[in-house]
Novice: 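Take this structure, written in structure tokens, and hold onto it; I'll ask about it next.
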There are 2 protein chains.
Amino acid sequence: MPPRGRPRKFDRDQALQQALQIFWEKGFEAAQVGDLTAAMGINPPSFYAAFKSKEALFHEAFDLYLSTIGARSITALDATPDVRAAIHAMLAASADNALGAPRAAGCLAALGLVNSPHDHVLRQRMASERRAMIQRIHIRLEKGRSEGQLPPDADTSGLAVFYASVVLALSLQAQDGADRPELMATIQGAMHALN
Amino acid sequence: MPPRGRPRKFDRDQALQQALQIFWEKGFEAAQVGDLTAAMGINPPSFYAAFKSKEALFHEAFDLYLSTIGARSITALDATPDVRAAIHAMLAASADNALGAPRAAGCLAALGLVNSPHDHVLRQRMASERRAMIQRIHIRLEKGRSEGQLPPDADTSGLAVFYASVVLALSLQAQDGADRPELMATIQGAMHALN
DNA sequence: GCCTTTCTATAATTCTTGCTACATAAATGC
DNA sequence: GCATTTATGTAGCAAGAATTATAGAAAGGC
């Protein structure tokens with residue numbers, strides 16, 4: 001049966017996607033509620049009734065980002081059999097995401113709230129996501145080593161930190177308007193660490 | 001002869017240095033005028049009389065940053081004879097700057113105003129500084145190649161983009177609380193691109 | 001000594017921005 | 001039909017932040 005009161009005139013999921021675009025393009029702070037409601041096609045009261053607050057909306061939008069856009073590089077990392085190819089595929093997916101972002105915004109997880117206070121909840125969530133990325137890369141490298149694709153004495157944890165940093169750098173470059181060849185040059189340079 | 005009216009009770013240069021610390025630690029937007037005046041030990045009217053506006057003050061503080069802190073990596077880059085050692089010295093200087101920054105803020109030029117609108121004057125100045133860094137690295141690599149320290153077919157412009165991106169990544173990592181060993185691992189990984 | 005000039009201190013003022021009150025509309029359940 | 005529930009739209013509130021008005025203080029010039 002349908003819910004009790006007057007039904008929504010807008011689609012919540014679609015509005016969330018619009019909100020993600022705005023957050024991604026402008027960042028959390030620069031995206032103001034007026035921008036969001038305009039893109040979502042709703043008014044402030046509907047906004048707050050459906051999403052609680054700007055911060056809560058960002059959490060939801062970020063969930064959506066991770067499960068769709070962000071998941072691509074993780075999939076590339078885990079689903080590619082050869083470890084070098086896997087790292088390359090992850091970096092290529094990151095570059096694609098950065099280039100496909102609205103107004104060259106780079107990765108939302110990489111750059112989100114970078115200039116906010118350290119104790120900001122959302123900032124800490126971004127940082128925690130970045131740490132998780134280091135972990136994922138480390139695990140993948142360890143798997144590659146155990147399969148004999150890397151030398152036994154490879155510094156996998158150092159390499160994990162390095163490749164995570166390259167993902168961040170790709171986003172920063174994209175924000176500065178770098179094009180695909182420039183990002184590819186960065187990836188190519190980074191791949192030498194595995195030779 | 002001394003200037004006409006009542007003399008300042010504070011030292012302008014010293015106040016500027018304090019302001020730089022605050023901007024560096026918190027970023028342009030998060031550093032509010034109250035934080036700045038508190039650190040500078042002055043009141044808002046003195047602040048505005050001496051520095052025009054928060055934005056003008058940031059310009060001055062950034063000048064100071066470039067000519068002191070930022071200059072260290074450029075000096076390291078230019079003053080080291082061997083090109084590989086020069087790149088390594090530049091990265092090490094960047095890591096030092098990032099680690100020495102107040103509250104692990106990373107490089108001011110690398111991360112400043114990253115989440116601000118693209119048309120913000122200060123943001124564009126940061127971006128322009130980052131582009132200049134790519135240029136400097138490129139020139140240094142070209143010099144090294146002409147001196148026979150790099151293979152004749154080395155992709156110096158691609159490598160320049162890559163190493164500039166590593167500088168950015170070091171700052172982002174430092175903001176997330178990375179310690180020296182982690183930054184050194186990133187540098188070590190990056191150095192493989194020159195082998 | 002007094003005028004002019006420039007700085008200092010307290011206390012607003014103005015502008016932005018996230019958020020909400022209020023009145024109204026559209027659905028369900030009895 | 002009427003009460004209940006939930007959504008919409010207009011208009012505005014409240015808090016925060018950059019900036020300034022006003023009065024008074026400290027120097028030089030005559």
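Naming: A, B, ... by sequence-line order, numbering from 1 per chain.
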Novice: Could you name each residue pair satisfying salt bridge (charged side-chain N to carboxylate O under 4.0 Å, His left out) that touches residues 11-22 of chain B, not counting sequence neighbours?
Specialist: B/R12-B/E60
Novice: From the options D/dA17, C/dT8, C/dT17, select the nucleotide whose nearest atom is closest to the side chain of B/Q32.
Specialist: D/dA17
Novice: Just checking A/F51: base, sugar-phosphate only, or nothing, at a heavy-atom cut-off of under 4.0 Å?
Specialist: nothing
Novice: What nitrogen or oxygen pairs link the protein and nucleotides 19-23 of chain C at under 3.5 Å?
Specialist:
from	atom 1	to	atom 2	distance (Å)
C/dC19	OP2	A/Y48	OH	3.1
C/dC19	OP2	A/K54	N	3.1
C/dC19	O5'	A/Y48	OH	3.4

Novice: Would you be so kind as to tabulate the donor-acceptor pairs closer than 3.5 Å made by side chains of residues 112-119 of chain A, with sequence neighbours excluded?
Specialist:
from	atom 1	to	atom 2	distance (Å)
A/N115	ND2	B/L111	O	3.2
A/S116	OG	A/E29	OE1	3.1
A/S116	OG	A/E29	OE2	2.2

Novice: In whole Å, I'd like the distance from the CZ atom of B/R12 to the C1' atom of C/dT8.
Specialist: 17 Å
Novice: Would you please confirm or rule out a distance under 4.0 Å between OP1 or OP2 of C/dA9 and any side-chain N or O of B/K9?
Specialist: yes
Novice: Could you state the atom-to-atom distance from CD1 of A/I22 to P of C/dG18 in whole Å?
Specialist: 13 Å
Novice: State, with a plain yes or no, whether a side-chain heavy atom of B/L141 is found less than 4.5 Å away from one of B/I87.
Specialist: yes
Novice: Output all residues satisfying ring pair (Phe, Tyr, Trp, His ring centres under 6.0 Å) with A/H59, sequence neighbours left out; order by chain, then residue number.
Specialist: none
Novice: Can you pull out every salt bridge (charged side-chain N to carboxylate O under 4.0 Å, His left out) where at least one residue sits in residues 162-171 of chain A? Sequence neighbours excluded, please.
Specialist: none
Novice: Quick check on contacts: within residues 34-43 of chain A, what sits under 4.0 Å from DNA chain D by heavy-atom distance?
Specialist: A/N43
Novice: Side-chain N or O of A/S46 less than 4.0 angstrom from OP1 or OP2 on D/dT8?
Specialist: yes
Novice: Got a list of side-chain donor-acceptor pairs under 3.5 Å for residues 161-168 of chain B, not counting sequence neighbours?
Specialist:
from	atom 1	to	atom 2	distance (Å)
B/Y163	OH	B/A190	O	2.7
B/S165	OG	B/F162	O	2.6

Novice: Enumerate the salt bridge (charged side-chain N to carboxylate O under 4.0 Å, His left out) contacts for residues 149-161 of chain B, please, sequence neighbours excluded, ordered by first and then second residue.
Specialist: none
Novice: Rounded to whole Å, please give me the gap between CD in A/E29 and C1' in C/dG18.
Specialist: 13 Å
Novice: Name the atoms and distances for all side-chain donor-acceptor pairs under 3.5 Å in residues 174-181 of chain A, with sequence neighbours left out.
Specialist:
from	atom 1	to	atom 2	distance (Å)
A/Q175	OE1	B/R123	NH2	3.0
A/Q175	NE2	A/A105	O	3.1
A/D176	OD1	B/R130	NE	3.4
A/D176	OD1	B/R130	NH2	2.9
A/D176	OD2	B/R130	NE	2.6
A/D179	OD1	A/E182	N	3.2
A/R180	NH1	A/D96	OD1	3.0
A/R180	NH2	A/D96	OD1	3.1

Novice: Just how far is it from atom OG1 of B/T156 to atom CG of B/L150, taken to the nearest 0.5 Å?
Specialist: 8.5 Å
Novice: Going by the rule ring pair (Phe, Tyr, Trp, His ring centres under 6.0 Å), which residues pair with A/F62 if we only count those two or more places apart in sequence or in a different chain?
Specialist: none
Novice: Tell me: CZ of B/F10 to P of C/dA9, nearest whole Å?
Specialist: 10 Å
Novice: For B/I139, which fellow cluster members are found when Ile, Leu, Val, Met, Phe, Trp and Tyr are connected by side-chain heavy-atom distances below 4.5 angstrom, either directly or through intermediates?
Specialist: none
Novice: Identify all pairs in which a protein N or O lies below 3.5 Å from an N or O of nucleotides 2-6 of chain D, and state each distance.
Specialist:
from	atom 1	to	atom 2	distance (Å)
D/dT6	O2	A/R6	N	3.3

